[in-house]
Amino acid sequence: MLNSRWFKAAGAAAAITLAATTAAQAAPAPDPAAEGVTAVVTLRYDDSRAGGWEAAITAGVASWNANVDNVKLVEAAPGTRAEIRIVATSGWPQATLGPVRPGGQARVELGSQAVAQGHDKTRIAAHELGHSLGLPDTKPGPCSQLMSGSSAGTSCGNAVPNAAERFRVEAAYAGGLAPRVPADGRVLVDAP
């Protein structure tokens with residue numbers, strides 16, 4: 001008798017376990033948005049007309065990509081349209097104020113006049129890309145603010161956005177959606 005009861009109890013336990021396992025497997029997959037997964041907006045840049053600035057552009061792009069989660073800058077394949085066109089010029093650095101949207105257009109001019117005066121090329125590239133991502137100048141400002149630009153002086157080599165600058169860019173591209181309004185369109189010149 002004992003064996004019979006034990007087999008009935010064991011069989012009932014197995015049936016409950018099987019039912020629970022089947023229900024767990026049939027449950028819908030978790031919603032990534034509900035788990036706080038950040039959607040990423042990808043913006044392409046073309047630096048084919050920025051000779052002499054390649055290393056600074058690479059470092060400036062890497063700085064933004066390492067410090068913001070929901071927007072990524074990637075080099076456009078040759079012959080494809082890029083949202084950010086980067087060119088080398090002989091004047092002062094300047095850029096279109098964004099935030100630029102996928103399919104939109106912004107221009108960054110990396111001016112050699114600032115380099116001739118002693119400003120850091122990587123800081124210049126990162127700063128001007130910051131304009132394309134929607135950040136205005138914060139002049140005058142300390143070296144710790146990337147968007148203080150030339151007002152931080154020639155000894156400043158900081159090419160990393162601070163917490164407030166990172167927050168503003170991430171807010172502009174929140175939810176994986178680029179801004180619904182076009183980029184500001186103003187050209188900001190980073191002359192002292």
Side-chain angles (χ1 to χ4, degrees), residues 41-68 71-162 164-166 168-169 172-173 178-179 182-192:
V41 174
T42 301
L43 299 173
R44 295 162 298 180
Y45 67 91
D46 174 4
D47 64 354
S48 62
R49 294 182 41 213
W53 287 85
E54 295 87 356
I57 294 166
T58 298
V61 164
S63 178
W64 278 109
N65 286 344
N67 285 286
V68 295
V71 62
K72 293 295 174 209
L73 302 172
V74 298
E75 188 169 5
T80 62
R81 189 173 191 281
E83 286 84 10
I84 303 171
R85 290 180 302 142
I86 306 171
V87 299
T89 69
S90 59
W92 275 95
Q94 55 187 287
T96 308
L97 180 60
V100 66
R101 301 181 288 182
Q105 191 72 59
R107 181 177 170 95
V108 168
E109 295 184 14
L110 301 175
S112 62
Q113 194 169 351
V115 176
Q117 290 197 8
H119 293 280
D120 182 78
K121 286 177 99 170
T122 300
R123 179 173 169 83
I124 293 168
H127 173 91
E128 299 306 327
L129 287 168
H131 287 318
S132 296
L133 297 174
L135 298 177
D137 286 316
T138 55
K139 295 179 180 181
C143 183
S144 61
Q145 291 177 342
L146 175 60
M147 300 314 293
S148 67
S150 62
S151 72
T154 57
S155 64
C156 180
N158 174 39
V160 178
N162 67 20
E165 293 163 334
R166 291 189 302 265
R168 286 188 68 180
V169 169
Y173 293 94
D184 182 291
R186 288 182 287 156
V187 174
L188 303 179
V189 179
D190 195 36

Do R123 and S148 have side-chain N/O donor and acceptor atoms under 3.5 Å apart?
-> yes
So, E165 side chain and N162 main chain: donor-acceptor pair closer than 3.5 Å or not?
-> yes
Does K121 reach the main-chain N or O of G52 with its side chain, forming a donor-acceptor pair under 3.5 Å?
-> yes
Check the pair W53 / I124 against side-chain contact (heavy atoms from CB on, under 4.5 Å), numbers first and verdict last.
-> CA-CA 10 Å; W53 287 85; I124 293 168; 4.0 Å; yes
To the nearest 0.5 Å, what is the distance between [atom1] on [X] and [atom2] on [Y]?
| X | Y | atom1 | atom2 | result |
| --- | --- | --- | --- | --- |
| S48 | E54 | OG | CD | 10.0 Å |
| W64 | L73 | CH2 | CG | 9.0 Å |
| H127 | T122 | NE2 | OG1 | 14.0 Å |
| T80 | D46 | OG1 | CG | 7.5 Å |
| D137 | L146 | CG | CG | 10.0 Å |
| R166 | L135 | CZ | CG | 11.5 Å |

[Y] side chain reached by [X] side chain, heavy atoms, under 4.5 Å:
| X | Y | result |
| --- | --- | --- |
| S150 | K139 | yes |
| V108 | S132 | yes |
| L110 | I57 | yes |

Could you pull out the closest heavy-atom pair between [X] and [Y], with the gap in Å?
| X | Y | value |
| --- | --- | --- |
| N158 | C143 | ND2-O, 2.9 Å |
| A126 | A159 | CB-O, 3.6 Å |
| H131 | P136 | CE1-C, 3.9 Å |

Partner residues of [X] under the side-chain hydrogen bond (donor to acceptor under 3.5 Å, both in side chains) criterion, sequence neighbours left out:
| X | answer |
| --- | --- |
| R44 | E83 |
| T138 | Q145 |
| R81 | Q105 |

Run the side chain to side chain contact (heavy atoms under 4.5 Å, CB included) test against [X] and tell me which residues pass, sequence neighbours left out.
| X | answer |
| --- | --- |
| T89 | V87, E109 |
| E75 | Y45, D47 |
| T58 | none |

V71 and its side-chain contact (heavy atoms from CB on, under 4.5 Å) partner, picked from V100, L43, N65 = L43
